[in-house]
Every structure is written in C-alpha cells, then in structure tokens.
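Below: the structure, in structure tokens.
The sequence lines fix the lettering, A, B, ..., with proteins before strands; numbering per chain opens at 1.
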Protein chains: 2
Amino acid sequence: MNASSTPRPGRPVRGSTTGRSLMAALDLFGRRWTLRIIWELGEEPLGFRLLQRRCDDMSSSVLRQRLVELQEVRIVEVLDDGGYALTSLGHDAREALGPVIEWSRRWAAELADEG
Amino acid sequence: MNASSTPRPGRPVRGSTTGRSLMAALDLFGRRWTLRIIWELGEEPLGFRLLQRRCDDMSSSVLRQRLVELQEVRIVEVLDDGGYALTSLGHDAREALGPVIEWSRRWAAELADEG
DNA sequence: TACTAGTGCTTCGGAATCAGAAGCACAAGA
DNA sequence: TCTTGTGCTTCTGATTCCGAAGCACTAGTA
C-alpha cells in the first residue's frame with residue numbers, strides 16, 4: 001500500500017499538476033470498485049466479508065486497499081463494533097450520486113432500443 | 001479491444017432494469033479517465049490530441065480505448081469534422097455529475113482542516 | 001477442553017490494464 | 001517540397017487487479 005497515492009484535493013493528482021478538487025474526486029472515483037463500495041455502504045454499515053459479497057465478491061486485497069484509501073480521505077470510517085460505515089461526508093457523496101443513478105436508468109432505456 | 005467487455009445495462013429482466021443498470025454505470029465510470037473524459041468533452045467538442053492534452057496528457061492508447069467504449073454506449077459521438085462530442089445522453093451524464101462537483105468542494109474544504 | 005464456523009486481513013503469483021514513447025499515413029500551409 | 005499538426009496504432013515495461021490460500025482471532029457448541 002502506498003498511502004500517499006490516494007488522491008486528495010489540494011495536492012497534485014495522478015497526471016495532474018493543478019490539484020483541483022474536482023480532478024481529485026474524479027481520480028478517486030475512477031478506480032475500480034470505489035463507486036460501488038460507497039453505494040453499498042450507503043445502505044447500511046457492513047463488515048468486511050459481507051461488504052465483499054455485496055460487491056459481487058470482489059477480491060479481498062483490492063477491497064482492503066479501497067477501504068484504506070476511503071478512510072484516509074474521510075469518506076469511510078470504522079465503527080466501534082469493527083464494521084465499516086460512511087462518514088457524513090461519505091453519505092453526502094452517495095447522495096451526490098443520486099442523479100447518476102437516475103441517468104443510468106435513462107441510459108439503460110435508450111440502449112435497450114437497439115439491443 | 002474486446003468490444004463486448006464494455007459494460008452495458010442488461011436487457012430488461014422480468015420487467016425491471018433498475019438494479020443492473022446502475023451497476024453497469026458504476027462499472028463504466030469506474031475505469032480510469034472515463035469520468036474525466038466526459039467532463040472535458042462537456043465544455044466543447046474536441047479533437048483527439050487536444051482532448052488528450054486537456055486530460056493531463058493521458059496515454060493515447062487508453063484514450064482511444066475509452067473513446068471507443070463511450071461510443072459503443074452512446075455517450076460520445078464523432079462529428080462530421082472528425083471531432084469528438086458528447087451525445088445528448090452524454091450531456092445528461094455530465095449534468096448528473098454536477099452534484100458530485102459540489103460535493104468535491106466540500107470534501108476539499110473538510111480535508112484542508114487537517115492537512 | 002476441543003472442534004467448528006465465521007470474521008478481518010495478508011500474501012503472492014499470474015492476469016489484465018495502463019503508461020508512454022515511437023512512429024505511420026494523411027492533410028493543410030508555407 | 002518541407003514543415004507542422006492531426007488521428008491513430010503498436011509495442012514494452014510498469015502498475016493494478018484478481019483470486020486462491022491461509023493466518024490469527026472470536027463466538028458458539030459440545
């Protein structure tokens with residue numbers, strides 16, 4: 001794990017010299033499974049293995065990596081009982097994903113017209 | 001390029017496309033540079049090399065790959081003059097990203113409090 | 001006292017993906 | 001003709017991801 005590779009606003013991001021917060025967010029979200037993890041955790045706090053199952057049995061090594069990254073940037077936190085949960089910031093992020101979900105329905109409908 | 005590997009919302013199953021279309025979207029967006037490309041193309045249509053520059057000089061091979069994928073799922077189209085542009089569906093997707101941008105600002109502010 | 005089953009997490013080899021330099025064919029301008 | 005810029009491909013090495021295996025620990029069961 002290279003901790004310093006986690007994209008953060010205010011600092012240069014992978015392939016970026018500007019460090020604009022949006023680019024940091026796009027980089028963070030543009031990593032496999034991160035969006036999905038945020039989505040699944042939004043429903044309810046989950047333990048490691050259960051969360052893994054919800055994410056189509058993604059590999060445990062990557063899941064662990066993502067969880068560390070998301071903790072570093074305060075989107076995910078560990079509860080007293082050891083479970084993983086979204087922080088308030090994390091919940092905001094998930095809510096911000098709402099329109100994306102609506103869009104994906106329209107997208108699905110449009111693509112279905114052609115097969 | 002394996003064309004069939006591009007995530008698409010599944011065909012309607014038992015009258016509902018809801019669950020799977022979101023997962024397909026999360027998978028599609030969870031690929032490096034995809035979100036960024038949609039974002040940059042939202043400003044205006046761009047040629048290949050200019051788009052590449054806007055995306056922090058990402059590698060041309062990956063850019064080409066992403067553009068093919070995004071064309072397959074009707075988010076990006078090629079104009080008569082050869083430039084790349086978002087389709088109307090693509091513009092909708094970019095607009096759906098609006099709340100994510102607002103969120104990223106709050107995220108930046110909160111993370112700045114600690115360093 | 002086992003024994004079992006579940007947990008969070010790590011390790012590691014191979015597979016898939018990405019990065020980035022190089023270069024090709026083409027077009028427009030000087 | 002010579003240059004410059006374009007879209008795009010190909011190639012090699014680096015990075016990332018996958019996934020099976022297994023470890024240490026806990027809770028329950030007998």
Side-chain angles (χ1 to χ4, degrees), chain A residues 1-8 12-17 23-24 26-41 44-73 76-86, chain B residues 1-8 23-24 26-41 44-73 76-86:
Chain A
M1 255 312 292
N2 182 0
S4 65
S5 69
T6 307
R8 282 167 168 269
V13 185
R14 177 211 311 273
S16 170
T17 53
M23 300 311 156
L26 293 184
D27 185 9
L28 179 68
F29 291 155
R31 298 183 172 192
R32 211 136 293 161
W33 297 112
T34 36
L35 285 171
R36 178 69 176 271
I37 289 169
I38 291 172
W39 180 255
E40 298 292 347
L41 278 186
E44 57 183 337
L46 293 171
F48 187 92
R49 268 174 136 111
L50 187 48
L51 174 57
Q52 182 183 15
R53 249 170 260 140
R54 294 281 176 87
C55 292
D56 292 327
D57 283 313
M58 64 175 289
S59 85
S60 56
S61 48
V62 178
L63 175 56
R64 173 65 189 156
Q65 198 174 326
R66 290 292 108 88
L67 285 172
V68 168
E69 289 169 4
L70 289 172
Q71 277 176 264
E72 281 176 4
V73 295
V76 163
E77 65 186 347
V78 188
L79 300 179
D80 291 338
D81 65 5
Y84 290 99
L86 293 185
Chain B
M1 257 313 296
N2 181 1
S4 65
S5 69
T6 306
R8 284 166 169 271
M23 299 312 153
L26 293 185
D27 185 8
L28 180 67
F29 292 154
R31 296 183 172 195
R32 211 135 293 159
W33 297 111
T34 317
L35 287 170
R36 178 70 176 269
I37 290 168
I38 292 173
W39 179 254
E40 299 292 348
L41 277 185
E44 57 183 335
L46 293 170
F48 186 92
R49 268 176 137 109
L50 188 48
L51 173 57
Q52 183 183 15
R53 248 170 263 139
R54 293 282 176 88
C55 291
D56 292 326
D57 284 313
M58 65 175 288
S59 87
S60 56
S61 50
V62 177
L63 175 56
R64 173 66 188 155
Q65 199 175 325
R66 289 293 107 88
L67 285 172
V68 168
E69 290 170 5
L70 289 171
Q71 277 176 264
E72 283 176 4
V73 295
V76 163
E77 65 185 346
V78 187
L79 301 179
D80 291 339
D81 64 8
Y84 290 100
L86 293 185

Side-chain N or O of B:R66 less than 4.0 angstrom from OP1 or OP2 on C:dT17?
-> no
Would you kindly give the CD-to-P distance between B:Q52 and D:dG7, to the nearest whole Å?
-> 9 Å
Euclidean distance, atom CG of residue B:L67 to atom P of D:dT9 [Å, nearest integer] | 11 Å
For B:G82 and for A:D57, find the nucleotide of DNA chain D with the closest heavy atom, then tell me which residue's nucleotide is more 5'.
-> B:G82
If we only count heavy atoms from C-beta on, is the A:L46 to A:R54 side-chain gap below 4.5 Å?
-> yes
Spacing of A:M58 atom CE relative to C:dG8 atom P, expressed in whole Å = 14 Å
Residue-phosphate contact under 4.0 Å: A:Y84 side-chain N/O, C:dC9 OP1/OP2 = yes
Can you find a heavy atom in the side chain of A:V76 that is under 4.5 Å from one in the side chain of A:I38?
-> no
Closest listed nucleotide, where the reference is the side chain of A:S59 and the choices are C:dC18, D:dG7, D:dC18 = D:dC18
Quiz item: A:S61 side-chain donor-acceptor pair to D:dG19 base, under 3.5 Å = yes
Out of C:dA22, D:dA20, C:dG8, which has the shortest distance to the side chain of B:S60?
-> C:dA22
Basic-acidic side-chain contact under 4.0 Å: A:D56, A:R36 | yes
Are OP1 or OP2 of C:dC18 and a side-chain N or O of A:R32 less than 4.0 angstrom apart?
-> yes
Decide yes or no for B:C55 and B:L63: does some side-chain heavy atom of the first lie under 4.5 Å from some side-chain heavy atom of the second?
-> no
Nearest-Å distance, CZ (A:R53) to C1' (D:dG19)?
-> 16 Å
Spacing between B:L79 atom CG and D:dT6 atom P, to the nearest angstrom = 16 Å
For B:R49, answer base if it contacts any base atom (sugar-phosphate contacts may also be present), sugar-phosphate if it contacts only those atoms, and nothing otherwise; contact means non-hydrogen atoms under 4.0 Å.
-> base
Under 4.0 Å between a Lys/Arg side-chain N and an Asp/Glu carboxylate O for A:E69 and A:R31?
-> yes
A:F48 CZ to D:dC23 P: how many Å, rounded?
-> 18 Å
Atom CG of B:L51 and atom C1' of D:dG5 are separated, to the nearest Å, by 16 Å
When you check the phosphate oxygens OP1 and OP2 of C:dC18, does a side-chain N or O of B:Q65 lie under 4.0 Å from one of them?
-> yes
May I ask you to verify if any side-chain N or O of B:R64 is less than 4.0 angstrom from the OP1 or OP2 atom of D:dC8?
-> yes
Provide, to the nearest angstrom, the distance between the CZ atom belonging to A:R31 and the P atom belonging to C:dT17.
-> 18 Å
